[in-house]
Amino acid sequence: QVQLVESGGGLVQAGGSLRLSCAASGSIVSINVMGWYRQAPGKQREMVATITSDGSTNYSDSVKGRFTISRDNAKNTMYLQMSSLKPEDTAAYYCNAAAVSRRNAWAPRKSGDYWGQGTQVTVSS
């Protein structure tokens, strides 16, 4: 089992910046991919950015040049630096991890897709 906890959300004016963090914990064997997703009310969940264990990144076109994803593998922590925020960035932001875990040495390894509870980002005009 893997637990993900996001932090750093809040209210910010347009043009401002926020840094989101996601801390992973639990019986982690490896985390191959971590990512940030967001969802506004009445809209589909959108991939914001992903990052692999070797540092390869992928961004949504809507955030390219403004957001930067990073991770600290030693700490199992991922970050999203958001700059030049726009009102359309307003959404609940969720941390995701494609991870391998196991309960103990006797248990088989299991691959799973894990989600945090989300953190709200609100950008005012």
Side-chain angles (χ1 to χ4, degrees):
Q1 184 66 35
V2 177
Q3 296 81 43
L4 303 174
V5 180
E6 303 100 331
S7 62
L11 176 64
V12 65
Q13 296 182 67
S17 300
L18 283 174
R19 190 191 191 202
L20 306 183
S21 298
C22 173
S25 62
S27 54
I28 300 170
V29 176
S30 64
I31 303 177
N32 293 330
V33 183
M34 299 186 77
W36 289 98
Y37 295 75
R38 66 186 182 187
Q39 187 169 21
K43 295 185 177 181
Q44 290 284 343
R45 183 180 64 187
E46 174 190 15
M47 188 277 289
V48 177
T50 62
I51 184 167
T52 65
S53 59
D54 63 2
S56 179
T57 60
N58 186 40
Y59 294 92
S60 167
D61 288 341
S62 64
V63 307
K64 287 181 179 178
R66 299 189 296 118
F67 292 8
T68 301
I69 189 171
S70 61
R71 65 188 287 178
D72 185 334
N73 292 333
K75 298 180 179 180
N76 284 327
T77 302
M78 175 180 64
Y79 307 94
L80 184 68
Q81 179 64 51
M82 305 185 293
S83 300
S84 301
L85 283 163
K86 304 175 181 179
E88 48 264 47
D89 294 319
T90 296
Y93 284 70
Y94 297 90
C95 175
N96 170 262
V100 179
S101 65
R102 65 178 177 181
R103 297 179 181 178
N104 51 55
W106 291 101
R109 295 179 178 183
K110 296 182 179 180
S111 298
D113 195 38
Y114 300 89
W115 293 91
Q117 290 296 108
T119 185
Q120 180 67 37
V121 172
T122 302
V123 184
S124 62
S125 300

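For the single chain, residues carry numbers from 1 onward in sequence order.
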Could you check if a side-chain atom of [X] sits within less than 4.5 angstrom of a side-chain atom of [Y], using non-hydrogen atoms only?
{"X": "C22", "Y": "R71", "value": "no"}
{"X": "L20", "Y": "V121", "value": "yes"}
{"X": "I31", "Y": "M78", "value": "no"}
{"X": "L85", "Y": "F67", "value": "yes"}

Side-chain donor or acceptor of Q1 paired with backbone N/O of S27 under 3.5 Å: no
Is a side-chain donor or acceptor of E6 paired with a backbone partner of C95 at a separation under 3.5 angstrom? yes
Contact summary for [X] and [Y], nearest pair of heavy atoms:
{"X": "P87", "Y": "S125", "answer": "CG-OG, 3.7 Å"}
{"X": "N73", "Y": "S53", "answer": "ND2-O, 3.1 Å"}
{"X": "L4", "Y": "A24", "answer": "CD2-CB, 3.5 Å"}
{"X": "Q3", "Y": "G26", "answer": "OE1-CA, 3.6 Å"}
{"X": "R38", "Y": "A91", "answer": "CB-CB, 3.8 Å"}

Same cluster for [X] and [Y] if Ile/Leu/Val/Met/Phe/Trp/Tyr side chains link at under 4.5 Å?
{"X": "W36", "Y": "V33", "answer": "no"}
{"X": "Y94", "Y": "M82", "answer": "no"}
{"X": "V123", "Y": "Y59", "answer": "yes"}
{"X": "V12", "Y": "L80", "answer": "yes"}

Taking NZ, NE, NH1 and NH2 as the nitrogens, is one of them in D89 or K86 under 4.0 Å from a carboxylate oxygen of the other? no
Under a plain distance cut-off of 3.5 Å, with no hydrogens placed, do S56 and D54 share a side-chain donor-acceptor pair? no
Can a side-chain donor-acceptor contact be found between S62 and E46 if the only test is distance below 3.5 angstrom? yes
Once side chain to side chain donor-acceptor pair (under 3.5 Å) is applied, what residue pairs with a partner in residues 101-112 remain, sequence neighbours excluded? S101-Y114
What's the separation between atom [atom1] in [X] and atom [atom2] in [Y], rounded to the nearest 0.5 Å?
{"X": "N58", "Y": "T50", "atom1": "CG", "atom2": "OG1", "result": "4.5 Å"}
{"X": "Y79", "Y": "D72", "atom1": "OH", "atom2": "CG", "result": "5.5 Å"}
{"X": "S7", "Y": "R19", "atom1": "OG", "atom2": "CZ", "result": "9.5 Å"}

With Y37 via ring pair (Phe, Tyr, Trp, His ring centres under 6.0 Å) - residues at least two apart: W115
When you look at CD of E88, are more than 12 heavy atoms from neighbouring residues, nucleotides or ligands closer to it than 6.0 Å? yes
